[in-house]
Amino acid sequence: MTTVTSTIPNHKPTSKLTYPIPLHTSFLLLLFSLLSLPPSLSKTLPPLPLLPIPSSHQLQWQLSDTALFLHFGPNTFTDSEWGSGRAPPSVFNPSSLNAAQWVKIAKDNGFSRVILTAKHHDGFCLWPSDYTNYSVKSSPWRNGGGDVVGELAAAAEREGVQLGIYLSPWDRHESMYGKTLEYNEYYLGQMSELLTRYGVIREVWLDGAKGEGEKDMKYFFDEWFSFIHQLQPQAVIFSDAGPDVRWVGDESGAAATTCWSVFNVSAAKIGDTDTKYSRGGDPFGHDWVPAECDVSIRPGWFWHPSEVPKSAVTLLNIYYKSVGRNCLFLLNVPPNSSGLISDEDVKVLQEFNKLRTSIFSNNLAKNSSISASSTRQGLIDNQFDSMNVLEEGIYSYWAPKENQTGWILYLDFQESVTFNVLQLQEPIQMGQRVFRFHLDALNEKGIWKKVINGTTVGYRRLLLFPPVVSDRLRFVVDGSRADPLISYLGIHLDSVSGLNLSGNSTASYFNESQVPRQITTNHSRIGSM
C-alpha cells in the first residue's frame, strides 16, 4: 500500500477572508435577539396601582367633569325654596315644559350629565308614583298624565346624556315620615320605581337636609345603598359621606386647594360631617370617595322671577375651584315656571362654554420639545415616555424610573410663549399620588425662577397665576405617595380671569394657591421666591 503524503507549501500566514454582513441581515439578527428575550425583559412592566383606586362607575363619573342640576317642582310656582308639603298639586302646571330643551342646552354647553330633583323636601313627585297621590298625576299638567322624569329620561337617552335623580329623604308631606320602619319602606318603594322604570341611572343624589324641629327618625342608609347598587350597578351614590361620591362641604362650588379623592367613610356621617374634612379628603384614607361641588347659577336653587344668573366669568372662577381642584362641578340651572330654562341662563351657559373652550382647547405645551429626568423603560418600548403627557386623557402617562427622586419634566420651546394657567392630570386609575409640586421658568440669565406651587393633582388640577413669558419650563414633583405618574400637562393662556395682586405683601393668592410675587425678568413677568 502506497502512502501518499501531500506537501503544503511553506507560505506565510495569510489574513482570514471576511465578508461584510448585509445591513438587513444585521437588523434581522437584532430583531430576532430582541424577540427571543423573555417578555419581562422586552416589555416594560407597568407600575402597581396605589390603593385605594376608583371603581369603573366612579371613573366614568370623574370623566364627566361637569353636570347640570335641575331643581324643579311646586317651589318653582310658589316662589319658595323649601316647600311645606302643603301646596296643592294644582300649582304645578308648566305651560311649555320641554325636557328636550334642558338636555340639549346641557349637551351643547359641555355638560354630559343631568340630575333632576324627582322629589324635593316638599314630597311632591315629578313622576306618577304608586305610593302617593302627591305627584304629577294629581296636577292639571298634561291632564294628570304627565311624567317629568320619563320625559327627561327619554330626551337624555336620545342625546346620549347621562341621567341622575335626586330623591329627598326628608318628606314634609308624607304622613309616614317619623315612623322609622314604615317610612324607610316607603322611601325604598319610591326609589325602586325610579331605578326600574327609566333606564340606566348614572347618579343617585341624596342628602341629610332636614329642618330644625322636624320629626326624629333614622334613615336606613346601608340598606338604601345596597339596594341602589343592586338595581343600578353603574350608578354612583352621592351623599355627605359617600359611599361613591361625597359632598365637598359647602354650596359655593369650591373645594380646598389640597383635595384628595382618598377618604375614610367611617369618619363621616350623613348630615353631620366635618366640612373641613369633606373639602380636603384624607391622604391616609382607605376609601376612594371623590368630591362633588354643587352651586346654583342663581342665588336660589329653584327659579325665582326676581333673581338673575351669575356671570360667565364667575362660573369660570368656580370651575377653577372645583374641576381645577380634582372635583366634579355640579351646576344647578333651574327651569322656570313655563318649564323651560330661561334665556338669560342659556346665554350665560353659552358664554361659559366659549370661555372654557378658548382657554383649554389650545395647549401651548404641544409646541415644545419635552423630556424627563428619567423614564420607566424597557429595551424596545416607550409606553411610559414623557411625550405621553401631551396626549389628552388619563390612560397613557409618563412614569419615571422606579425608586428614584428628582422627578422633573422639561419643556423647551423654539420661541417664547406667554401663559398663565398650568393644567395637570394624574392617571387616577392608578391611585392618587402627588402631594407637592412646582413649576419653574428659565430667565435670560439662565436662572430657574419659581412660577407657582401646588399640592394635590388628582384627576385634574388647574392653577392660574400672573402671566409668564419664557421659552424653557420645568415641572417638578416635590412629593408623592409613590412614584409619580403624570397623564397630562397643559400650558394655557387665560385672558379673561383677573388676579388681584395689589398690596405690599410678598405673595398674593388666587384660588388659595400661593403665587410668588411678580418681578420683571427677560421682559416678562415670572415669579420669584
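None of the values given here were measured: they were computed from a predicted structure.
- Donor-acceptor pairing under 3.5 Å is recorded for the side chains of N332 and S296.
- The aromatic ring centres of Y397 and Y488 sit 6.0 Å or more apart.
- With a 6.0 Å radius and a threshold of 12 heavy atoms from other residues, nucleotides or ligands, F284 has its CZ atom at or below the threshold.
- Screening residues 218-227 for salt bridge (charged side-chain N to carboxylate O under 4.0 Å, His left out), with sequence neighbours left out, gives no hits.
- Between the side chain of N75 and the backbone N or O of F302, no donor-acceptor pair lies under 3.5 Å.
- A distance of 6.0 Å or more separates the ring centres of F227 and H229.
- Judged by distance alone, with hydrogens and angles left aside, the side-chain atoms of E426 form no donor-acceptor pair with the main-chain N or O of I486 at under 3.5 Å.
- Every residue was checked against the salt bridge (charged side-chain N to carboxylate O under 4.0 Å, His left out) condition with E81, not counting sequence neighbours, and none meets it.
- In this structure, F72 has its ring center no closer than 6.0 Å to that of H120.
- The closest side-chain heavy-atom distance from I428 to L59 is below 4.5 Å.
- Annotation: ring-ring contact (aromatic ring centres under 6.0 Å, His included) contacts involving residues 125-161, sequence neighbours excluded, comprise F92-W141, F124-Y134, Y134-H173.
- In this structure, the side chain of D282 does not engage the main chain of V262 through any donor-acceptor pair within 3.5 Å.
- Contact of the V248 side chain with the E292 side chain is not registered, since no non-hydrogen atoms from C-beta on lie closer than 4.5 Å.
- At a threshold of 4.5 Å between non-hydrogen side-chain atoms, the residues V348 and K310 do not count as touching.
- A side-chain N or O of N336 and one of S342 form a donor-acceptor pair less than 3.5 Å apart.
- Taking the side chain as every heavy atom from C-beta outward, L116 and L126 approach each other to under 4.5 Å.
- Without hydrogens or angle criteria, D207 side chain to G271 main chain gives no donor-acceptor distance under 3.5 Å.
- Within the structure, side chain to side chain donor-acceptor pair (under 3.5 Å) pairs that include any residue of residues 83-96 do not occur (at least two apart or interchain).
- Ring to ring, W82 and W170 are close: their centroids are under 6.0 angstrom apart.
- Contact annotation: the side chain of L70 approaches that of P335 to within less than 4.5 Å [non-hydrogen atoms, C-beta and beyond].
- Considering only residues two or more places apart in sequence or on other chains, V496 meets the side chain to side chain contact (heavy atoms under 4.5 Å, CB included) condition with V313, L355, D494.
- Applying the salt bridge (charged side-chain N to carboxylate O under 4.0 Å, His left out) test to every pair with at least one member in residues 54-74, sequence neighbours left out, gives these pairs: D65-R460.
- Side-chain atoms of S80 never come within 3.5 Å of backbone atoms of G83 as a donor-acceptor pair (strictly under, hydrogens ignored).
- Under the side chain to side chain donor-acceptor pair (under 3.5 Å) rule, E203 has a single partner from R113, Q234, Q162, which is R113.
- Between the side chains of Q425 and S487, no donor-acceptor pair of N or O atoms lies under 3.5 Å.
- Applying the side chain to side chain donor-acceptor pair (under 3.5 Å) rule to S337 yields no partners; only residues at least two apart in sequence or on another chain are considered.
- Listed by chain and number, the residues in a side chain to side chain contact (heavy atoms under 4.5 Å, CB included) with A154 are R158 (sequence neighbours excluded).
- Every pair passing salt bridge (charged side-chain N to carboxylate O under 4.0 Å, His left out) that includes a residue from residues 172-184 is listed here, sequence neighbours excluded: R172-E214.
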- Could you give me the CA-CA distance, side-chain angles and deciding distance for L493 and N420, then say whether side chain to side chain contact (heavy atoms under 4.5 Å, CB included) is met? CA-CA 5 Å; L493 179 62; N420 61 351; 3.8 Å; yes
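- The shortest distance between side-chain heavy atoms of P94 and S338 does not fall below 4.5 Å.
- A distance-only check finds no donor-acceptor pair linking the side chain of E193 to the backbone of S129 [under 3.5 Å].
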- Query: Going through the distances and angles, do W301 and T117 end up as a side chain to side chain contact (heavy atoms under 4.5 Å, CB included)?
  - Reply: CA-CA 11 Å; W301 288 94; T117 55; over 6 Å; no
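- Here the two rings, on Y219 and W224, have centers that are under 6.0 Å apart.
- Under the side chain to side chain donor-acceptor pair (under 3.5 Å) criterion, E344 pairs with R298, sequence neighbours left out.
- For the 3.5 Å distance criterion, the side chains of H57 and S55 qualify, holding a donor opposite an acceptor.
- For R356 and F352, the positive end sits near the middle of the six-membered ring, less than 6.0 Å away and at most 45° from its axis.
- Evaluation of the salt bridge (charged side-chain N to carboxylate O under 4.0 Å, His left out) test over residues 232-254, restricted to residues two or more places apart or in two chains, returns D250-R279.
- Side-chain contact check for F111 versus L349: some heavy-atom pair is nearer than 4.5 Å.
- E159 pairs by the salt bridge (charged side-chain N to carboxylate O under 4.0 Å, His left out) definition with K107, not counting sequence neighbours.
- In this structure, the side chains of I228 and M191 come closer than 4.5 Å at one or more pairs of heavy atoms.
- The closest donor-acceptor contact from the side chain of S64 to the backbone of T66 lies at 3.5 Å or more, if one exists at all.
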- Task: Show the numbers, then the answer: is there a ring pair (Phe, Tyr, Trp, His ring centres under 6.0 Å) between Y186 and Y177?
- Result: CA-CA 9 Å; Y186 173 82; Y177 189 85; 9.8 Å; no
